[in-house]
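To keep things clear, I will list the structure first and then write my remarks on it.
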Number of protein chains: 2
Amino acid sequence: MTDKKTIKVETTFSGAGYIPNLAIDVVIFGFHDKQLKVLLMKYNRTEFYALPGGFIKNNENLDTAAMRVALERTGLTDVFLEQFYVFGDINRYDPTPFAAIMEANDTKPDKDHFLLQRFISIGYFALVDFTKVTPTPDKLFDSCNWYELNAMPALIQDHTSIINKALETLRAKLDDKLIGFNLLEENFTMGELQNLYETILDKKLLRPAFQRKILALGILERIAKKYSGAAHKAPYLYRFVSK
Amino acid sequence: MTDKKTIKVETTFSGAGYIPNLAIDVVIFGFHDKQLKVLLMKYNRTEFYALPGGFIKNNENLDTAAMRVALERTGLTDVFLEQFYVFGDINRYDPTPFAAIMEANDTKPDKDHFLLQRFISIGYFALVDFTKVTPTPDKLFDSCNWYELNAMPALIQDHTSIINKALETLRAKLDDKLIGFNLLEENFTMGELQNLYETILDKKLLRPAFQRKILALGILERIAKKYSGAAHKAPYLYRFVSK
DNA sequence: TATTATTGTAACATAATGATACAATAAATC
DNA sequence: GATTTATTGTATCATTATGTTACAATAATA
C-alpha cells in the first residue's frame with residue numbers, strides 16, 4: 001500500500017497480493033503533556049478521519065503486518081504491539097466512506113472492488129515513546145497527527161469503539177503487567193510515571209502508595225537525580241530493568 | 001458446512017458463500033469429575049484430531065459463527081463464548097492434514113482449493129455445563145468427545161497451543177470476572193466451586209479464605225442444603241444471581 | 001538565610017488475605 | 001440412642017497489602 005508512486009496508483013489499489021476481507025487497525029498510543037494521545041489519519045481531499053491501518057500480505061505474519069503499519073506511521077522499528085480484539089460484525093463496515101475517498105481521488109471503483117467488500121479488522125494497540133515518533137502520512141492521506149483522546153474528530157466506521165476497546169484493554173493490563181513503561185522515555189521520574197498511570201486510569205493515585213507499589217515490583221533502577229532548575233528538591237530518575 | 005447431505009458433498013465443500021482464508025476455532029471447556037475437559041473432533045477415516053471449528057459466512061457476524069460452531073457440537077443454544085486471540089502466523093497452517101483428510105474421503109482437491117489455502121484463525125473459548133452437552137460429530141468426523149487436558153491426543157496444526165492460550169486467558173479472567181460459574185450446573189456447593197477454581201488454576205486454595213472471598217462478591221444466593229447421603233454435615237447449595 | 005515547591009519516606013490506619021481452630025451436623029456403626 | 005467419622009461453616013488471629021497523614025530533605029529563588 002505504500003510502495004506505489006502516485007495518488008492515481010494508490011487509489012487504484014487492487015488488493016492483489018493481499019488477503020481479502022481482512023484488515024488491521026492499529027491504535028498507536030503516545031503520552032505527552034500529561035495527555036494520552038492517538039495517531040489519526042485524514043484521507044486525501046476528504047474530511048474522513050481513521051485509524052492507521054492496512055492489509056495482510058498473502059505471505060505475511062499478522063504481527064509483521066501490524067508492525068509494518070506502525071513503522072510506516074511512526075518511523076519506529078521497535079514498538080510495543082499487542083493484538084487485542086477482532087471486530088467482525090457485518091454492519092461494522094460501511095463502504096460509502098471508501099467509495100467517497102476513491103471518488104475524491106478521481107477513481108471510479110467497481111462495486112466488487114477489494115476495498116468495498118466487507119472487512120473484518122484485527123485490532124492492535126501500540127505503545128510508543130512520543131518524543132521518538134515522526135508522524136508520517138501516506139500518499140492516500142492529507143495528514144497523520146496526534147489527537148488527545150477527548151478531542152478527537154469523528155472517525156469513520158467503528159474506529160471510535162476500536163479505540164475505546166483498546167483503552168479498556170490497556171487499563172486492564174496496566175496493573176498486572178508493566179506495559180505502561182513503553183510510553184515513557186528511557187529515563188523518567190516517579191512523578192512522570194505516576195502521571196502516566198493517572199492519565200490512563202483517569203483517577204488520582206496517592207503518591208506514597210504508588211511509589212511503594214511500583215518500587216516493590218523490583219524492576220526499576222534508580223539513576224541520577226534530575227535537576228530541572230525549579231526551586232524544589234530534585235527527583236530521582238529511574239530506568240526500567242528487565243532482569 | 002453442516003447442511004449438506006452426504007460425505008461426498010461434505011468433503012467437496014467449495015467454500016462458496018464463506019470468507020476465504022479465515023476460520024474460527026472454538027475451545028469448548030467442560031468440567032466433570034474434578035477435571036477440566038475440552039471437546040475434540042476426529043476426522044473421518046484418519047487419526048487427525050482437531051478443535052471444533054468452522055468458517056464465516058459472507059453475511060454472518062463473527063460471534064454468530066462461533067455460536068453456530070458451539071451449537072453444532074454441543075446442542076446448546078446459550079453458551080458463554082469469548083473471543084480470545086487470532087492465530088495468524090504464515091507457518092501455522094499446514095495443508096497436508098486437510099489434503100489427507102479429503103483423500104481419505106475420496107476427494108481429489110485442486111491445489112488452490114478453499115481448504116488448502118493459508119488460514120488465519122480466530123480463537124474463541126466456550127464454557128459449558130458438561131451435564132447438558134451432547135457431543136455431536138459431523139459427517140466429516142468419526143467422533144466428537146471430551147478429553148482431559150492432560151490426556152489429549154496429538155492435534156493438527158497449532159491447535160494445542162490454541163488450547164493453551166485459551167486456558168491462559170481463562171485463568172487470567174477467572175479472578176476479576178466470575179466466568180467460572182458458567183462451567184457449573186445451576187445449583188452448586190461451595191466445595192464444587194472451589195474444586196473448579198483449583199482445577200483451572202491448578203493449585204490448592206484455602207477453604208475459609210475462598211468462601212469469604214466468593215461470598216463477598218455478593219453474587220451468590222444460598223438455597224437449601226444438599227443431603228448427599230454421606231456421613232457428614234450437608235453443605236448449602238448456591239445459585240448465581242446477576243442482580 | 002529565609003522562602004517556596006516538591007520529593008522521599010516514615011508512621012500509622014484500614015482492608016484484604018493467609019492460616020489455624022473448633023463447633024455443628026448428617027449418616028453410619030455400635 | 002450414644003458414638004464415631006468426615007466434612008462444613010465460621011470465628012479468630014496473623015500477615016500482608018493498601019490507604020492516609022505527616023514531616024524532614026532539598027534545589028533554586030528572593
Side-chain angles (χ1 to χ4, degrees), chain A residues 33-34 171-178 180-181 184-241, chain B residues 33-34 171-178 180-181 184-241:
Chain A
D33 272 348
K34 300 188 180 184
R171 279 180 180 149
K173 298 210 167 179
L174 200 54
D175 244 32
D176 353 289
K177 303 207 183 185
L178 352 133
F181 298 103
L184 295 173
E185 299 186 56
E186 193 183 342
N187 302 333
F188 49 87
T189 68
M190 194 56 71
E192 284 163 0
L193 183 59
Q194 185 176 340
N195 257 322
L196 172 62
Y197 271 67
E198 289 180 340
T199 305
I200 292 176
L201 300 175
D202 195 27
K203 66 174 177 187
K204 285 280 168 206
L205 302 173
L206 289 166
R207 198 167 50 87
F210 180 77
Q211 166 136 341
R212 189 188 354 168
K213 187 173 170 173
I214 293 289
L215 288 181
L217 296 174
I219 49 158
L220 288 191
E221 184 179 23
R222 180 184 277 189
I223 324 177
K225 287 193 174 187
K226 181 188 182 186
Y227 298 93
S228 62
H232 56 75
K233 191 174 180 180
Y236 285 100
L237 281 170
Y238 292 87
R239 167 167 61 192
F240 176 75
V241 285
Chain B
D33 273 348
K34 301 189 179 181
R171 280 183 179 147
K173 299 209 166 178
L174 200 53
D175 244 32
D176 353 290
K177 303 209 183 182
L178 352 134
F181 298 102
L184 295 173
E185 299 186 57
E186 194 183 342
N187 301 332
F188 48 87
T189 68
M190 195 56 72
E192 284 163 0
L193 183 58
Q194 186 176 341
N195 257 322
L196 173 62
Y197 271 67
E198 289 180 341
T199 305
I200 293 176
L201 300 175
D202 195 26
K203 66 173 176 188
K204 285 280 167 205
L205 303 173
L206 288 167
R207 198 167 51 87
F210 180 77
Q211 166 136 342
R212 189 184 14 187
K213 187 173 171 175
I214 293 289
L215 288 180
L217 295 174
I219 48 157
L220 288 191
E221 183 181 20
R222 180 184 276 191
I223 325 176
K225 286 194 174 184
K226 182 189 183 186
Y227 299 92
S228 63
H232 56 74
K233 190 174 180 179
Y236 285 100
L237 280 171
Y238 292 88
R239 167 167 60 193
F240 175 75
V241 284

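Chain A is the first sequence line, chain B the second, and so forth, proteins listed ahead of strands; every chain is numbered from 1. All figures in this text were calculated on a predicted structure; none of them were measured in a lab.
- In this structure, the side chains of A:Gln211 and A:Arg207 stay at 4.5 Å or more apart for every pair of heavy atoms.
- Rounded to whole Å, the distance from CG on B:Leu193 to P on D:dT8 is 13 Å.
- Atom CD of A:Glu192 and atom NZ of A:Lys34 lie 9.5 Å apart (nearest 0.5 Å).
- Of the residues near DNA chain D, B:Gly191 and A:Arg207, the one whose nearest nucleotide (by heavy atom distance) lies more toward the 5' end is B:Gly191.
- Ring geometry for B:Phe188 versus B:Phe181: interplanar angle of 30 to 60°, hence tilted.
- Atom pair B:Lys204:NZ and C:dA19:C1' shows a separation of 16 Å (rounding to whole Å applied).
- Between the CE atom of B:Met190 and the CZ atom of B:Arg222 there is a distance of 7.5 Å, given to the nearest 0.5 Å.
- Using a 4.5 Å heavy-atom threshold, the side chains of A:Leu193 and A:Tyr238 count as separate.
- In this structure, the CD1 atom of A:Ile214 is 14 Å from the C1' atom of D:dA17, given to the nearest Å.
- Counting to the nearest Å, the C1' atom of D:dT10 and the CE atom of B:Met190 are 12 Å from each other.
- Across the protein-nucleic acid pair, A:Leu206 atom CG and C:dA13 atom C1' stand 13 Å apart, rounded to whole Å.
- Nearest-nucleotide positions on DNA chain C place A:Leu237 closer to the 5' end than the other of B:Pro208 and A:Leu237.
- When each of A:Arg212 and B:Tyr238 is assigned the nucleotide of DNA chain D with its nearest heavy atom, B:Tyr238 is the one assigned upstream, toward the 5' end.
- Residue A:Phe210 contributes atom CZ, which lies 16 Å from atom C1' of D:dA17 at whole-angstrom precision.
- Atom CZ of A:Phe188 is separated from atom P of C:dT7 by 15 Å (rounded to the nearest Å).
- Here D:dT7 is the nucleotide among D:dA11, C:dT9, D:dT7 with the atom lying nearest to any side-chain atom of B:Lys233.
- Phosphate contact (OP1/OP2 of C:dT7, side-chain N/O of A:Gln211, threshold under 4.0 Å): absent.
- Across the protein-nucleic acid pair, A:Tyr236 atom OH and C:dT6 atom P stand 19 Å apart, rounded to whole Å.
- Note on A:Ala209: a base of the nucleic acid sits closer than 4.0 angstrom, heavy atoms only.
- The residue A:Pro235 sits close only to the backbone: its heavy atoms come under 4.0 Å of sugar-phosphate atoms, none of a base.
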